[in-house]
Amino acid sequence: MKIKIIEVGARDGLQNEMQALSVKDRYDFIKKLCDSGLKIIEAGAFVSPKWVPQMDNSNKVLTKLFKDQTSGKINSKIQFPMLVPNMKGFQRAMDSQTKEIAIFGACSESFSQKNINCSINQSFGHFKAVINAAKKNNVKVRAYLSVAFGCPYEGKVSEQRVIKLTEKLIQLGAYEVSIGDTIGVATPKQVRSLVNKLGLKIPLKKVAMHFHDTRGTALANVLASLDLGIHTFDSSLGGLGGCPYAKGASGNLATEDLVYMLEGMGHKTGVDISKLIKINKWIENKVGHQLPSHVGKTESSLYK
Ligand code: HMG
Ligand code: MG
């Protein structure tokens, strides 16, 4: 079965690093990810640079990637979605000729306030405006829902709320909703329960899962989701990442761990693990610390 992977290391990953990487390093990182066979790579965020300075100058990164696609240096089929929270972000996305954006909401009021400085209701006002503008400009819209399995400020999150918000995002016009375990608390039992209920209301081909591996349950959660018919997963090279507004959100599921497990199970990802491992070493050097991925610590020559 073909699996869709959305690589979020250059956004979800780097937004959480103490030291912001330069535009050149961010571009080089994404170029390497392109060369590994990944087809959907988040390239940055049009959020406030006061809130997330690590994503400043995302327009420059994107412009260079588009230039390389035009010259044939980068596969022209690779998609580079960009995070957009509001109309100001959308305008910046348009100024850079962005073809796909990702809006991001939350399943708890406290997280919404901390992350985007507004209530859930207000955020949906922003999303509606952004999606309407995106439709007029032929821009695809993906959506995230954070803290779907637990919130660092409010604890448990009701399944009914997650389902209702997911339905609302699809109704507004998002082509896919990524369900975020932002602080990595989910277990397979919880995942099965939510996915089963979501599947009664929404075609599961419109649902992606976004697991963080804080407690080591991310791959188990992928397996539980796969068994129920989910084929789209977000991951980040090396397990880079977290969320600056979610204490304890250390590390997304590592792309190389995800690809290793999927390929071993006979699923086709189109991604070269040995290249991912080389990128792991490269980006560890750039961020200046070891990354949590498992496969990233093995030798790339093992996968030739
Ligand atoms: P705000 O301060 O409430 O915004 O921030 P505002 O509308 O009141 O405007 C204040 C100033 O910000 C103004 O500038 C605006 O122009 C500017 P000033 O007049 O003071 O010079 N501004 C902007 N500048 C650039 N781009 C924009 C923008 N909007 C306003 N788009 C805002 C509201 C949403 C902008 C802010 O809260 C923000 O940027 N938040 C982003 C936080 C973020 O990026 N978090 C991480 C991503 S989410 C995540 O990681 C979770 C995920 O991975 C899934 C999961 O794991 O669950 C997706
Ligand atoms: Mg995340």
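Atoms within a ligand are numbered from 1 in the order they appear, just like the ligands themselves. Just the heavy atoms: all of them, side chains too, but no hydrogens, waters or symmetry mates, feed the values below.
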So which N/O/S atom does Asp12 have closest to the Mg ion (ligand 2)? OD2
Does ligand 1 come near enough to Thr182 that some N or O of the ligand is less than 3.5 Å from an N or O of the residue? yes
Supply the atom-to-atom distance Lys73 NZ to Lys31 NZ, rounded to the nearest 0.5 angstrom. 6.5 Å
Can you tell me if Lys281 has over 12 outside heavy atoms packed within less than 6.0 Å of its NZ? yes
Is the Phe211 ring parallel, tilted or perpendicular to the Phe149 ring (thresholds 30°, 60°)? tilted
Answer yes or no: does atom OH of Tyr260 have more than 12 heavy-atom neighbours from other residues, nucleotides or ligands under 6.0 Å? no
Ranking Asp181, Asn117, Asn115 by closest non-hydrogen atom to atom 40 (N) of ligand 1, top hit is Asn115
Measuring from the heavy atoms of Lys50, does anything fall under 4.0 Å of ligand 1? yes
Looking at the Mg ion (ligand 2), is there an N, O or S atom belonging to Asp234 that lies under 2.8 Å away from it? no
Which one holds for Arg11 and ligand 1: side chain close, backbone close, both close, or neither close, with close meaning a heavy atom under 4.0 Å? side chain
Could you tell me if Glu256 and Tyr303 have a donor-acceptor pair between their side chains, going purely by distance under 3.5 Å? no
Applying a strict 4.0 Å limit to heavy atoms, is His212 in contact with ligand 1? yes
Closest to the Mg ion (ligand 2), which N/O/S atom of His212 is it? NE2
Lys67 atom NZ, neighbour heavy-atom count above 12 within 6.0 Å: no
Relative to the heavy atoms of Asp12, which atoms of ligand 1 are at a distance of less than 4.0 Å? 50 (O), 53 (O)
For the pair Lys278 and Asp35, find out whether any cationic side-chain nitrogen is under 4.0 Å from an anionic carboxylate oxygen. no
Does Gln69 use its side chain to pair, donor to acceptor, with the backbone of Asn75 at less than 3.5 Å? yes
I'd like the name of whichever of Gln15, Lys88, His210 reaches closest to atom 27 (C) of ligand 1 through any heavy atom. Lys88
Test item: Asp257 side-chain N/O and His294 main-chain N/O as donor-acceptor pair under 3.5 Å: yes
Ligand 1 atoms in contact with Leu83 (distance to a heavy atom under 4.0 Å): 47 (C)
Within the 4.0 Å heavy-atom shell around Asn86, which atoms of ligand 1 are there? 27 (C), 28 (C), 29 (N), 30 (C), 31 (N), 35 (C)
Can Glu176 and Lys4 be counted as an ion pair, charged N to O under 4.0 angstrom? yes
Note: ligand 1 atoms sitting under 4.0 Å from heavy atoms of Phe46 are 26 (N), 27 (C), 31 (N)
Contact atoms of ligand 1, heavy-atom distance to Pro85 under 4.0 Å: 31 (N), 34 (C)
Any idea which N/O/S atom from His210 gets closest to the Mg ion (ligand 2)? NE2
Considering the heavy atoms of Val52, write down every atom of ligand 1 situated less than 4.0 Å from one of them. 42 (C), 43 (C), 44 (O)
